[in-house]
Enquirer: 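Here it is, the structure in full.
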Amino acid sequence: MPHDHHDHLSPSGHPFRADDDVPLSYWQTMEIAVRELLIAKGVTTAREIASQIEAMDARSPANGAAVVARMWSDPAFCAQMRVDASAATREMGFDVGPMKLIAVENTADLHNVIVCTLCSCYPRNLLGLPPDWYKSRAYRSRTVREPRRVLAEFGVTLPDGVEIRVHDSTADMRYIVIPARPAGTENWSEDALAALVTRDSMIGTGLPKSPEGG
Amino acid sequence: MVERVRVRSDMPPGHIRTPAYLRGKTGLIERRLGPFPNPEQLAYRQPATPLALLRVRFTMAEIWGAAAETPTDTLEAEIYAHWLEPA
């Protein structure tokens, strides 16, 4: 019979993904009910909710990359970041809100990596929404226990002489990793430097791109 | 002036921001922050006491003992003052 495994593959060769046409969960129903009530009672408007979602979606790792590039280029800004990273980034237009920001800097013998074991605290004002893996139990439980194996799975293998420092974002602080500035980028503009800074390099699970385009 | 502290090894119910894997472990104060309202009260809409928040640095050897992946690697976490005792 023709009912073999090919029936489950799309023309591009990938498995078809089941539609998520399942009933709403209790909390999804609750969220819709509360949202509709807030609009019906004039507490908020559909427009306000939509613009808040747009504002959340507009934040991207480009914000964090601009901060990193400026730290690499501007010693006065760098000094300010070390004293009060919340204020320094707020001046650039990236408000961390009621939380506080700490920038942790990678050096030749120190590599920082960020995790939130209790939930999914993430510097959203600088990096946008967290990737799904950041919120997974595997990443959250393994990063504090075997960070070198986790980093190796991301393609980052560090020599034994480099200390790994894991930052568990347990309370009111938010963290951004400042990767070390790649060699061979002297006299580069801030915009050119920012293009080397990846999201994962600011979480600590990656390194900046190589200036040769690697 | 580096101060050595131990995380209380209690397991109370409620909204606790002190990770279980750090309870009973000893570390060094990296920096002092806050005050911030106590999240254990905030979570239940009770008036929240302002508390100092301390970043404490632990070695992987202290946290995981012989099972540590690299004993000299470190971990830092924010712990509220009422969870710390002198060590």
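Residue numbers start from 1 in every chain, and the chains themselves are labelled A, B, ... in the order their sequence lines are given, proteins ahead of strands.
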Enquirer: For each of B/A77, B/G34, B/A68, B/A20, tally heavy-atom pairs with chain A at distances under 4.5 Å, and name the one with the top tally.
Expert: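 Heavy-atom pairs under 4.5 Å are most numerous for B/A77.
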Enquirer: Heavy-atom distance under 4.5 Å to chain A: side chain of B/P19, backbone, both or neither?
Expert: both
Enquirer: Is the backbone N or O of A/A171 less than 3.5 Å from a side-chain atom of B/R17, with the two atoms forming a donor-acceptor pair by type?
Expert: no
Enquirer: Using distance alone, with no hydrogens and no angle criterion, decide if B/E40 and B/W83 have a side-chain donor and acceptor under 3.5 Å apart.
Expert: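 B/E40 vs B/W83: donor-acceptor pair found between side chains.
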Enquirer: Picking from B/T18, B/L53, B/L54, B/T49, what satisfies side chain to side chain contact (heavy atoms under 4.5 Å, CB included) with B/Y80?
Expert: B/L53
Enquirer: Main chain of A/D109, side chain of A/T107: is a donor-acceptor contact present, judged purely on distance under 3.5 Å?
Expert: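 Judged by distance alone, yes, a pair lies under 3.5 Å.
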Enquirer: Who among B/E76, B/R31, B/E78, B/M60 has the most heavy-atom pairs with chain A under 4.5 Å?
Expert: B/E78
Enquirer: I'd like to know if the side chain of A/S201 reaches the main chain of A/V197, judged simply by a donor and an acceptor atom lying under 3.5 Å from each other, with no hydrogens or angles considered.
Expert: no
Enquirer: Report the option among A/R148, A/H111, A/K100, A/H167 that has the most heavy-atom pairs separated by less than 4.5 Å from atoms of chain B.
Expert: A/R148
Enquirer: Suppose a student defines contact as a heavy atom less than 4.5 Å from any heavy atom of chain B. Which residues in residues 115-145 of chain A would they list?
Expert: A/T117, A/L118, A/C119, A/C121, A/V144, A/R145
Enquirer: Under 4.5 Å from any heavy atom of chain B, what part of A/I102 do you find: side chain, backbone, both or neither?
Expert: side chain
Enquirer: So which part of A/V113 gets closer than 4.5 Å to some heavy atom of chain B, the side chain, the backbone, both or neither?
Expert: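 A/V113 has no heavy atom closer than 4.5 Å to chain B.
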Enquirer: So for B/T70, is it side chain, backbone, both, or neither that comes closer than 4.5 Å to the heavy atoms of chain A?
Expert: side chain
Enquirer: So, A/T185 side chain and A/W188 main chain: donor-acceptor pair closer than 3.5 Å or not?
Expert: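 Here the side-chain-to-backbone pair does not exist.
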Enquirer: Just wondering, do A/D172 and B/L33 contact through their side chains at under 4.5 Å, heavy atoms?
Expert: no
Enquirer: Any luck finding a side-chain donor-acceptor pair between A/D168 and B/Y21 under 3.5 Å?
Expert: yes
Enquirer: Quick check: are there more than 12 heavy atoms from other residues, nucleotides or ligands sitting under 6.0 Å from CG of B/D10?
Expert: yes
